[in-house]
Each structure stands twice: as C-alpha cells, then as structure tokens.
Amino acid sequence: MRNRYARNILCMTAVFCAAAVIGCGTKTVKDSDVVMEIAGQTVVKAEYQMILGDYESEIKRQYDTDTANREDFWTSGKTGERPLDKIMQLAGEELKEKKTIAQFTVDLGIDVQTDYVTLAAQMDSENDARGAADESGDNVYGMTSFQMREYYDYVYTQLEYEVMESLKKSHEATKEELQNIYRENQQAYTSDVRVKMLVAEAMTESGDGASSQAAESEKGHIWQAAEDMKESTDLQYLTERYPDISFYELEMTSQNMQEGKSGAYMQRWLTASTMQQGEVCEPFAVGENLLVMRCLERTEHSVQPFEEVEGLLKDDVQTNRAYEEIESRQKEAEMKLIVTQQQLEKIALEALQMPD
C-alpha cells in the first residue's frame with residue numbers, strides 16, 4: 001500500500017514538474033539557445049524573434065485598428081487562423097530561404113560562418129572598427145555602424161551572390177541550346193530603334209572666376225566641334241583638332257541604352273533615339289560634362305545578332321537554373337523544432353508583445 005502511494009506521489013510530482021517547465025518554457029530559453037534547425041542549420045531564439053519583428057506591421061495592416069490593438073490580437077482569430085500563425089509562417093519561410101543559402105555554402109566549400117551568434121560577434125567587431133575609423137577621420141564606406149537586422153541581411157545578401165555565382169558554373173549551357181532559345185524568343189531581342197553615334201564629350205570646369213572662364217572656353221570648343229562634326233566623322237582628325245575633347249563611337253538600342261548603372265547618361269539615349277542619320281545635335285550637359293553627337297546610322301525594328309546577345313543570354317540561362325536549384329532545395333528543407341511548439345509560440349509572443 002505504502003509503495004503504491006509513493007508511486008502516485010512520484011507520478012504527480014513528475015506531472016507538476018513537466019507543467020512547470022512548459023508553463024515557463026520561454027524563461028528557460030536564452031537568446032543564444034537553439035530553438036530549431038532548418039536544412040541542418042541552427043536558428044537561435046534571438047534570431048527567430050528578430051525575423052518575426054520585421055513582419056509585425058505587415059500582419060497588422062491586414063486588420064482594422066481596433067482589432068490590431070486588442071490585447072489578445074495575436075492569439076485570437078475569427079476564421080480559425082490566428083495572426084500568430086500567419087506571422088510564424090512568414091518567419092519560417094524567410095528562415096528557410098536564409099538557411100538553405102547557408103547550407104549551400106557548406107556544400108560548395110565556401111569558408112564562412114553563418115550562425116547568428118558568430119554574426120553578432122562579427123557585427124560588434126565591424127562596428128568598433130568603423131567607429132574608430134570615423135573618430136580618426138578616416139574614410140568609412142557605407143554605414144558607420146550596423147544594427148543586427150541590417151548586418152544579418154548584408155551578410156546573407158553577399159552569401160547568396162557567392163552561392164549563385166558558384167552554382168552558375170555547374171549549369172553550363174551549350175551554344176546549340178542558346179541558339180534555340182534565341183530563335184524561339186527573337187522578339188525579345190528586337191529593338192524598336194538602333195543607332196550608331198559619333199560622340200564628342202568634354203569635361204567642364206567649375207568653381208572660382210578663373211575656372212568659370214575655362215568653362216566658357218570649353219563650351220566654345222564643343223560648339224566648334226559640333227560644327228566640324230557636320231562635315232567630318234574622322235576620329236583622328238577631330239581628336240588632333242580638339243585634344244581636350246574625347247571622341248568615340250557608340251551603338252545604342254532601345255534594349256541596351258548604354259546609360260550605365262547610375263543612369264547618368266540616359267539623356268544621351270533620349271537625344272540619340274530621336275535623331276536621323278547625318279544629323280548633329282546641339283551640345284547638352286550630362287553632369288559636369290558637355291556632349292554633342294552625330295547620328296552615323298539609324299535602323300528601326302532591328303534584331304540583335306546572336307553574337308551580340310550570346311553572353312547575356314548564357315548568363316540569364318545559368319542564373320535561372322541556379323535559382324531553380326536553390327528554390328527546389330528550399331522546398332525540400334526540413335524544419336526541426338528543438339523546443340516544443342508551445343514554447344516556440346511563447347517565444348514569438350514575447351517578441352510581439354514587447355512595448356515599442
């Protein structure tokens with residue numbers, strides 16, 4: 001009889017202990033503790049909460065103000081799905097993307113640490129270095145300091161680029177494949193307008209009175225060059241006559257405007273695209289430069305030759321195949337909880353119910 005009572009007491013004690021652990025599970029999980037594994041990569045509590053926080057506004061915008069401000073907003077749901085479920089799903093999807101990239105770095109032999117705790121330590125070191133450089137007057141490129149979410153995204157963006165470039169090399173595209181794609185999509189390589197231009201470009205001076213005089217002189221030279229370009233397209237002759245002006249030929253199309261990454265030269269295309277063969281435009285400014293152009297050739301509805309697009313087409317094909325491989329791996333990525341689902345929900349609520 002006594003043994004039976006003893007066994008009952010022990011069982012009740014075990015139940016109470018288990019309930020206590022579950023009831024205050026969040027308190028026993030530290031920020032650096034692993035809460036789940038995705039694609040074999042760890043996710044710690046602080047990381048999970050950081051990702052969740054970025055989706056809070058997105059979720060609340062789907063509800064009216066009164067509903068979003070209710071104390072039980074995250075755990076109530078009229079249609080059966082709680083806002084908490086939605087935000088945890090979004091966080092899980094993003095973490096799948098990030099951790100799949102992290103697993104690729106392992107598979108591809110890219111030597112980098114991707115776990116959150118290491119990244120946090122790296123960020124602190126980076127911020128210290130940037131702060132010291134800023135105080136000493138040295139040039140600091142980019143931010144003078146990072147917040148964790150900024151640094152986290154910065155690192156993973158760089159990793160995704162490295163993974164993409166590495167995967168592209170394993171997805172070779174033959175010339176025959178590229179030619180077939182080119183023939184099947186020839187309309188995509190047809191430009192409304194194609195022009196070949198002779199361009200004269202001069203940098204103008206700016207600043208005090210003396211440099212203003214120099215700027216006026218440069219303007220005079222470019223106007224003179226414009227007049228000469230009406231009569232001659234000989235690069236050697238023009239270069240010798242105007243040594244302070246750069247002369248070059250440039251082909252532009254409605255698909256490749258040659259404006260550069262900054263878009264600073266868009267005006268060059270806008271002017272060139274309206275010109276007819278033999279026409280010389282008036283000088284115009286692009287930043288601190290003055291340009292004048294003569295249209296050497298103009299064609300409309302021009303199909304770019306395969307040789308011109310082969311390199312870009314190959315890069316597009318390899319990029320698409322690399323993305324497909326990454327997306328396939330993301331779909332297959334498994335999420336393994338280290339804490340209980342109840343603990344994970346409490347961890348999420350802890351982050352979402354923090355005062356702003």
Just checking, is any N or O donor in the side chain of [X] or [Y] under 3.5 Å from an acceptor N or O on the other one?
{"X": "Glu308", "Y": "Tyr189", "result": "no"}
{"X": "Arg130", "Y": "Asn127", "result": "no"}
{"X": "Asp72", "Y": "Thr75", "result": "no"}
{"X": "Glu325", "Y": "His171", "result": "yes"}
{"X": "Gln122", "Y": "Thr118", "result": "no"}
{"X": "Tyr242", "Y": "Asp228", "result": "yes"}
{"X": "Glu162", "Y": "Gln158", "result": "no"}
{"X": "Tyr156", "Y": "Lys99", "result": "yes"}
{"X": "Asp107", "Y": "Gln103", "result": "yes"}
{"X": "Tyr265", "Y": "Glu201", "result": "yes"}

Is there a side-chain contact between [X] and [Y], using heavy atoms and a 4.5 Å cut-off?
{"X": "Leu159", "Y": "Phe104", "result": "no"}
{"X": "Trp74", "Y": "Met88", "result": "no"}
{"X": "Gln147", "Y": "Tyr151", "result": "no"}
{"X": "Leu167", "Y": "Leu108", "result": "yes"}
{"X": "Val317", "Y": "Glu177", "result": "no"}
{"X": "Ile326", "Y": "Gln330", "result": "yes"}
{"X": "Leu119", "Y": "Gln113", "result": "no"}
{"X": "His301", "Y": "Arg194", "result": "no"}

Nearest heavy-atom neighbours spanning [X] and [Y]:
{"X": "Val193", "Y": "Trp269", "result": "O-CH2, 3.9 Å"}
{"X": "Val34", "Y": "Val339", "result": "O-CG1, 4.4 Å"}
{"X": "Pro83", "Y": "Ser76", "result": "CD-O, 2.9 Å"}
{"X": "Asp192", "Y": "Ser254", "result": "N-OG, 2.9 Å"}
{"X": "Ala272", "Y": "Val195", "result": "O-CG1, 3.8 Å"}
{"X": "Val286", "Y": "Ala264", "result": "CG1-O, 3.3 Å"}

Any salt bridge between [X] and [Y], counting N to O under 4.0 Å?
{"X": "Lys96", "Y": "Glu93", "value": "no"}
{"X": "Glu165", "Y": "Lys168", "value": "yes"}
{"X": "Asp153", "Y": "Arg149", "value": "yes"}
{"X": "Glu259", "Y": "Arg268", "value": "no"}
{"X": "Glu47", "Y": "Lys98", "value": "no"}

Using 30° and 60° as the class limits, which term best fits the ring planes of Tyr152 and Tyr116: parallel, tilted or perpendicular?
-> tilted
Walk me through it: do Val35 and Ile338 pass the test side-chain contact (heavy atoms from CB on, under 4.5 Å)?
-> CA-CA 5 Å; Val35 296; Ile338 304 303; 5.6 Å; no
Atom [atom1] of [X]: over 12 foreign heavy atoms under 6.0 Å:
{"X": "Gln276", "atom1": "CD", "result": "yes"}
{"X": "Glu282", "atom1": "CD", "result": "no"}
{"X": "Tyr248", "atom1": "OH", "result": "yes"}
{"X": "Gln236", "atom1": "CD", "result": "no"}
{"X": "Glu300", "atom1": "CD", "result": "yes"}
{"X": "Tyr323", "atom1": "OH", "result": "no"}

Are [X] and [Y] linked, directly or through other ILVMFWY residues, by side chains that come within less than 4.5 angstrom of each other?
{"X": "Phe73", "Y": "Leu349", "value": "yes"}
{"X": "Tyr237", "Y": "Val199", "value": "no"}
{"X": "Ile51", "Y": "Met335", "value": "yes"}
{"X": "Ile222", "Y": "Leu291", "value": "no"}
{"X": "Leu90", "Y": "Leu52", "value": "yes"}

What do the steps show when you test Lys45 against Lys30 for side-chain contact (heavy atoms from CB on, under 4.5 Å), and what is the final call?
-> CA-CA 7 Å; Lys45 175 186 172 182; Lys30 300 175 183 178; over 6 Å; no
Return the [atom1] to [atom2] distance between [X] and [Y], rounded to the nearest 0.5 Å.
{"X": "Leu238", "Y": "Glu231", "atom1": "CG", "atom2": "CD", "result": "11.0 Å"}
{"X": "Arg241", "Y": "Thr239", "atom1": "CZ", "atom2": "OG1", "result": "12.5 Å"}
{"X": "Glu324", "Y": "Asn320", "atom1": "CD", "atom2": "CG", "result": "6.5 Å"}
{"X": "Arg294", "Y": "Met197", "atom1": "CZ", "atom2": "CE", "result": "10.0 Å"}
{"X": "Gln341", "Y": "Lys346", "atom1": "CD", "atom2": "NZ", "result": "12.5 Å"}
{"X": "Leu352", "Y": "Leu84", "atom1": "CG", "atom2": "CG", "result": "7.0 Å"}

Could you walk me through whether Glu297 and Glu251 pass the side-chain contact (heavy atoms from CB on, under 4.5 Å) test, one step at a time?
-> CA-CA 9 Å; Glu297 296 174 13; Glu251 287 197 22; 5.6 Å; no
Please walk me through it: do Asn256 and Thr253 pass side chain to side chain donor-acceptor pair (under 3.5 Å)?
-> CA-CA 5 Å; Asn256 184 7; Thr253 72; 5.6 Å; no
Ignoring hydrogens and geometry, is there a side-chain-to-backbone donor-acceptor pair from [X] to [Y] under 3.5 Å?
{"X": "Gln343", "Y": "Thr340", "answer": "yes"}
{"X": "Ser273", "Y": "Leu270", "answer": "yes"}
{"X": "Ser232", "Y": "Met229", "answer": "no"}

Verdict with reasoning, Glu279 to Arg298, per salt bridge (Lys or Arg N to Asp or Glu O under 4.0 Å) | CA-CA 11 Å; Glu279 191 176 353; Arg298 177 187 177 91; over 6 Å; no
Candidate pair His221 and Ile245, rule side-chain contact (heavy atoms from CB on, under 4.5 Å), full reasoning | CA-CA 8 Å; His221 285 179; Ile245 297 176; 4.2 Å; yes
Given salt bridge (Lys or Arg N to Asp or Glu O under 4.0 Å), test Asp85 with Arg82 step by step and report yes or no.
-> CA-CA 5 Å; Asp85 300 323; Arg82 303 172 300 169; 2.8 Å; yes
